[in-house]
Protein chains: 2
Amino acid sequence: MTRVLVVDDEPSIVRALRINLTARKYEVSTATDGASGLAAVARDRPDVMILDLGLPDMDGTEVIRGVRGWTSTPIIVLSVWDQESQKVAALDAGADDYVTKPFGMDELLARLRAAVRRASPAPDEPVVTTDHFTVDLAAKRVIREGGGDVSLTPTEWQLLEVLVRNRGRLVTQRQLLQEVWGPAYETESNYLRVYVAQLRRKLEPEPSRPRYLLTEPGMGYRFGD
Amino acid sequence: MTRVLVVDDEPSIVRALRINLTARKYEVSTATDGASGLAAVARDRPDVMILDLGLPDMDGTEVIRGVRGWTSTPIIVLSVWDQESQKVAALDAGADDYVTKPFGMDELLARLRAAVRRASPAPDEPVVTTDHFTVDLAAKRVIREGGGDVSLTPTEWQLLEVLVRNRGRLVTQRQLLQEVWGPAYETESNYLRVYVAQLRRKLEPEPSRPRYLLTEPGMGYRFGD
DNA sequence: GATGATCTTGATGGATCCTTAACGCCCAGG
DNA sequence: CCTGGGCGTTAAGGATCCATCAAGATCATC
């Protein structure tokens, strides 16, 4: 069954969507602000997300970016203002489609079907290219600019993968340790230092002056392009 | 590698497309007006064409007709005007798909993939050739360079087939075991070692120093060209 | 039922990787 | 000036994983 997450602060809209979507055999979960919306995406792993841009706590594009950082779940944006700039910002941030309030339920359902259909066949894994190397997440390969493959151990690869999937964003030590080593290792920040150093030796042009694997003192690490 | 021709007179659009497409392993060529666009189709023989309707020198539908005169290369049309009539005209002239600016890159990429997929009835190249042997997936045969068939047992063949179909990509042990032996054998990584060794004896010029059947310690195997 | 090919299973040595601890550096605060 | 915390670096063990070999079990074929 297709899971839909509705994030909107207007109770009447949420109720209308819940009724219509449930009647059409969608599994519906809801949130009423950006923060709990992001949490709901992580928790429920919906197949598609319907997001109101006018939330009380966060800017809509921030929510989109927060979701896009780690999943390609389709996002359909709702907004009352028919402003082209806002539309561009939302789409540039990674939204898949855009519906202006007030909307016809039939149109929304059609776009919902289209979004789910488009997303299902091949959710392309990203390929990240820098000046010095290319990371191919699907092939689990790192190719140095100029030919040679870089061979990474499983742990090195997992760590790099988490950082690359969140590229440009800070990833906390706790999050890295949890995703690579598991929840029991949240405090073993020593592991991070060892493995970040190994990755730097293999990837950075000047390992002692990192350009891609950046330290945020006291916080965590960041993959910067 | 899939070749994409971008015809658009807006430098920012061309740049954005070039960056995104190149990062996803497309080969990109560009043109900034209709006449040079038509010339580029003839010269580069792209696998798919992205065409802006608002070109300075020609009407978009004319460009489409010019291309359709001699090839069925898929055409994805871009336009800033969301007018139903123009959309119909472009599609009637022979365009395959239609995207309204501003567009989401994910959507465009999805439509691009769909267009390429529709255009190529034989999705997989059934023959893979290396310097030392040729694998014919359709005929289920391996021919050594210089004549002579290599005879493989059924299990050896299945294993080779999975690796070759994913050539260049890492295939995890679990995936290999699941596809060759079935879901119940996910942990029998011993089987893999035995059969990879047999394949290496039969295919590799130096079985002890593999060139094609590569081990990724802790993760799986990879067929490298 | 005999034979040969194929598949499973176990054992061994060697290579690779993970963990852990120790040390030095830098910087902020006392 | 000293001290402590966070970070980078290195190296050595122990654990894990891999390649190889060989022998028993299974299967197909006649």
Side-chain angles (χ1 to χ4, degrees), chain A residues 140 142 149-163 170-174 176-182 184-222, chain B residues 140 142 149-163 170-224:
Chain A
K140 291 216 190 310
V142 180
D149 270 37
V150 182
S151 79
L152 299 180
T153 73
T155 308
E156 287 166 2
W157 178 260
Q158 278 192 274
L159 179 59
L160 178 64
E161 187 167 343
V162 175
L163 288 171
L170 169 73
V171 188
T172 64
Q173 303 195 7
R174 171 174 298 185
L176 286 168
L177 288 164
Q178 202 168 321
E179 295 206 31
V180 177
W181 281 272
Y185 293 75
E186 270 186 4
T187 59
E188 302 285 339
S189 57
N190 214 6
Y191 292 9
L192 283 180
R193 288 197 279 281
V194 171
Y195 275 89
V196 169
Q198 286 177 354
L199 280 178
R200 283 177 177 152
R201 257 204 305 284
K202 293 186 176 183
L203 297 178
E204 293 279 358
E206 293 180 82
S208 55
R209 312 191 55 228
R211 175 173 165 186
Y212 302 106
L213 299 161
L214 309 174
T215 303
E216 301 278 346
M219 305 283 296
Y221 293 88
R222 176 200 308 275
Chain B
K140 293 208 187 304
V142 180
D149 271 34
V150 181
S151 81
L152 299 179
T153 72
T155 307
E156 286 167 2
W157 176 259
Q158 277 192 276
L159 180 59
L160 179 64
E161 185 168 347
V162 176
L163 288 170
L170 171 74
V171 188
T172 63
Q173 307 193 17
R174 170 175 300 184
Q175 190 181 342
L176 286 167
L177 288 163
Q178 207 167 316
E179 296 205 29
V180 176
W181 281 272
Y185 293 75
E186 271 185 3
T187 58
E188 302 285 341
S189 55
N190 225 355
Y191 292 11
L192 283 180
R193 295 194 205 99
V194 172
Y195 276 88
V196 168
Q198 286 176 357
L199 281 176
R200 282 177 178 153
R201 261 203 303 282
K202 293 186 177 183
L203 297 178
E204 293 278 0
E206 291 181 82
S208 57
R209 311 190 56 230
R211 173 173 166 186
Y212 302 107
L213 298 161
L214 308 175
T215 303
E216 300 277 350
M219 298 195 281
Y221 292 88
R222 178 199 309 277
F223 187 89

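Heavy-atom basis, side chains included; hydrogens, waters and symmetry copies ignored. Throughout, protein chains are lettered first and strands after them, A, B, ... in sequence-line order, and every chain is numbered starting at 1.
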Quick check on dC7(C): is either OP1 or OP2 less than 4.0 Å from any side-chain nitrogen or oxygen of Thr155(B)? yes
Trp181(A) side chain N/O closer than 4.0 Å to the phosphate oxygens (OP1, OP2) of dT19(C)? yes
Just to verify, what does [X] make a side chain to side chain donor-acceptor pair (under 3.5 Å) with, not counting sequence neighbours?
| X | answer |
| --- | --- |
| Gln175(B) | Glu179(B) |
| Ser189(B) | Arg193(B) |
| Glu186(A) | none |
| Thr215(B) | Arg200(B) |

Applying salt bridge (Lys or Arg N to Asp or Glu O under 4.0 Å), which residue pairs with at least one partner in residues 152-161 of chain B are found, sequence neighbours left out? Lys140(B)-Glu161(B), Glu156(B)-Lys202(B), Glu161(B)-Arg165(B)
Would you mind listing every salt bridge (Lys or Arg N to Asp or Glu O under 4.0 Å) that reaches into residues 211-223 of chain B, with sequence neighbours excluded? Asp131(B)-Arg211(B), Glu216(B)-Arg222(B)
With five pairs defining each end axis, the helix from dG1(C)-dC30(D) to dC17(C)-dG14(D) comes out bent, to 10°, by 30°
Is the backbone N or O of Leu213(B) less than 3.5 Å from a side-chain atom of Glu204(B), with the two atoms forming a donor-acceptor pair by type? yes
Taking N or O atoms only and anything under 3.5 Å, show me the protein contacts with nucleotides 4-7 of chain D, one pair per line.
residue : atom : partner   : partner atom : Å
dC7(D)  : OP1  : Gln173(A) : NE2          : 3.4
dC7(D)  : OP1  : Gly218(A) : N            : 2.9
dC7(D)  : OP2  : Gln173(A) : NE2          : 3.2

Just by protein heavy atoms under 4.0 Å, how would nucleotides 21-30 of chain C read 5' to 3' in B, S and -? B---------
Residues passing the ring pair (Phe, Tyr, Trp, His ring centres under 6.0 Å) test with Tyr212(B), sequence neighbours excluded, are His132(B), Phe133(B)
Taking ring pair (Phe, Tyr, Trp, His ring centres under 6.0 Å) as the definition, give me every residue that meets it alongside Tyr221(B), ordered by chain and number, with sequence neighbours left out. none
Spacing between [X] atom [atom1] and [N] atom [atom2], to the nearest angstrom:
| X | N | atom1 | atom2 | answer |
| --- | --- | --- | --- | --- |
| Leu213(B) | dA19(D) | CG | P | 10 Å |
| Tyr195(A) | dC17(C) | OH | C1' | 6 Å |
| Glu188(A) | dT20(C) | CD | C1' | 9 Å |
| Leu214(A) | dG8(D) | CG | C1' | 15 Å |

Heavy-atom nearest nucleotide on DNA chain C for Tyr191(B) versus Gln198(A): which residue maps closer to 5'? Tyr191(B)
If each end axis of the helix from dT19(C)-dA12(D) to dG30(C)-dC1(D) is fitted on five C1' pair positions, the angle between them, to 10 degrees, is 10°
Classify Arg209(A) by what it touches in the nucleic acid, base, sugar-phosphate, or nothing, heavy-atom distance under 4.0 Å. nothing
